[in-house]
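This report concerns only the one structure given below.
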Amino acid sequence: MNSGLKGILNSTTIADRLLLFILILLSSSGVVFVKEILPKGRTVQIEADSLPVYRLPIDEEKTVSVKGPHGNTIVEIKNHKVRIIESPCPNKLCIQQGWIESGAVVCLPNRVVVIIGDIDSKDRKVVDAVT
Amino acid sequence: MQSHDKYRIALLSAYALALHGFEGILPTPIPWLRLGLANIITLTTLLLYGFRPAIMVTLIRVILASLFTGTFLGPAFILSLGGGVTSTLAMGLILSLMPELFGPVGLSLIGALFHNIAQLLLAYVIFIQRIEAILLISPIIILIGTLTGSVNGIISEILIKNLKNTEKHLEYKSNH
């Protein structure tokens with residue numbers, strides 16, 4: 001009669017060991033792959049006159065026009081970056097800021113704010129509370 | 001059902017409940033992480049006495065534990081019931097279809113896997129409804145379940161060996 005840990009290991013069947021191996025392989029590669037496949041969870045939020053107008057995923061190429069007091073500000077999202085391409089404001093500081101990957105671009109005269117942020121905290125809380 | 005079996009189920013349910021309660025007070029690094037110690041009893045019952053006692057022990061354990069902690073019919077109860085019943089069904093099915101293929105460790109792994117799959121599906125259907133969130137945590141949960149499941153399988157194996165020895169010893173004594 002086998003005893004001790006070695007005995008236990010010897011008494012496992014080949015199917016047992018194969019199953020353990022497959023499960024560890026699949027789940028640990030799953031941990032890596034799922035993170036790669038899924039969107040980074042970052043959104044671009046565009047506010048005009050301090051009201052949110054757009055909320056867009058950062059991994060989708062898109063150009064949108066936002067109406068401010070002076071006219072339309074055009075925001076471009078490309079390659080996980082955001083910039084303002086056109087603005088009716090006098091000094092064009094927002095356009096000079098160029099591409100941003102994080103943080104925000106603000107056009108004060110036209111009251112347009114572009115913020116890059118995580119998926120909003122409300123959704124996160126729901127996941128944490130249940131899981 | 002003979003009264004002999006009833007006593008056995010009652011005793012095994014009590015063991016399962018005790019383990020369930022014990023792991024509830026153990027501090028874990030992640031709040032939803034559970035070791036699944038009660039599955040040791042479910043698996044041992046399944047292998048020694050068959051499927052019906054095993055599913056009864058599971059149902060008694062889940063219902064009584066939720067009554068004791070005040071979560072009966074709540075979200076935690078639904079997750080616990082779904083996971084417990086699915087894993088017992090999966091282990092029972094595999095054991096009856098392929099009795100020789102898996103030992104306690106393999107069955108415990110199957111139990112842990114189906115417990116987690118059932119809970120993730122339930123969490124998706126009832127609570128979260130965000131497939132990205134479920135997909136993101138699924139591999140992590142299944143990986144942890146595989147590790148705890150194999151440990152539980154080893155413990156079950158030791159338990160079954162010892163119980164069989166004791167019963168043989170008792171039979172020998174009563175026959176002579």
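None of the values given here were measured: they were computed from a predicted structure. Reminder, nothing fancy here: chain letters follow the sequence lines and each chain counts from 1.
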Side chain, backbone, both or neither of [X] within contact of chain A (heavy atoms, under 4.5 Å):
{"X": "Leu113(B)", "result": "side chain"}
{"X": "Leu147(B)", "result": "side chain"}
{"X": "Gln119(B)", "result": "neither"}

- Query: Do Leu81(B) and Phe68(B) share a hydrophobic cluster, counting only Ile, Leu, Val, Met, Phe, Trp and Tyr and linking them when any side-chain heavy atoms are less than 4.5 Å apart?
  - Reply: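 Yes: a chain of side-chain contacts under 4.5 Å links Leu81(B) to Phe68(B).
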Got more than 12 heavy atoms from elsewhere within 6.0 Å of [atom1], [X]?
{"X": "Ile85(A)", "atom1": "CD1", "result": "yes"}
{"X": "Lys92(A)", "atom1": "NZ", "result": "yes"}
{"X": "Phe72(B)", "atom1": "CZ", "result": "yes"}
{"X": "Gln97(A)", "atom1": "CD", "result": "yes"}
{"X": "Phe77(B)", "atom1": "CZ", "result": "yes"}
{"X": "Arg17(A)", "atom1": "CZ", "result": "yes"}

Distance (rounded to the nearest 0.5 Å) between [X] [atom1] and [Y] [atom2]:
{"X": "Ile142(B)", "Y": "Leu23(A)", "atom1": "CD1", "atom2": "CG", "value": "8.0 Å"}
{"X": "Asp16(A)", "Y": "Leu107(B)", "atom1": "CG", "atom2": "CG", "value": "7.5 Å"}
{"X": "Glu157(B)", "Y": "Thr12(A)", "atom1": "CD", "atom2": "OG1", "value": "7.0 Å"}

- Item | Leu19(A) side chain near Thr146(B) side chain, heavy-atom distance below 4.5 Å |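 Not in contact.
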- Might you point out which heavy atoms bring Pro139(B) and Ser27(A) nearest each other, and give the distance in Å?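 Taking every non-hydrogen atom into account, CB-O, 3.4 Å.
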- Task: Determine, stepwise, if the pair Leu20(A) / Val105(B) fulfils side-chain contact (heavy atoms from CB on, under 4.5 Å).
- Result: CA-CA 9 Å; Leu20(A) 178 65; Val105(B) 176; 5.7 Å; no
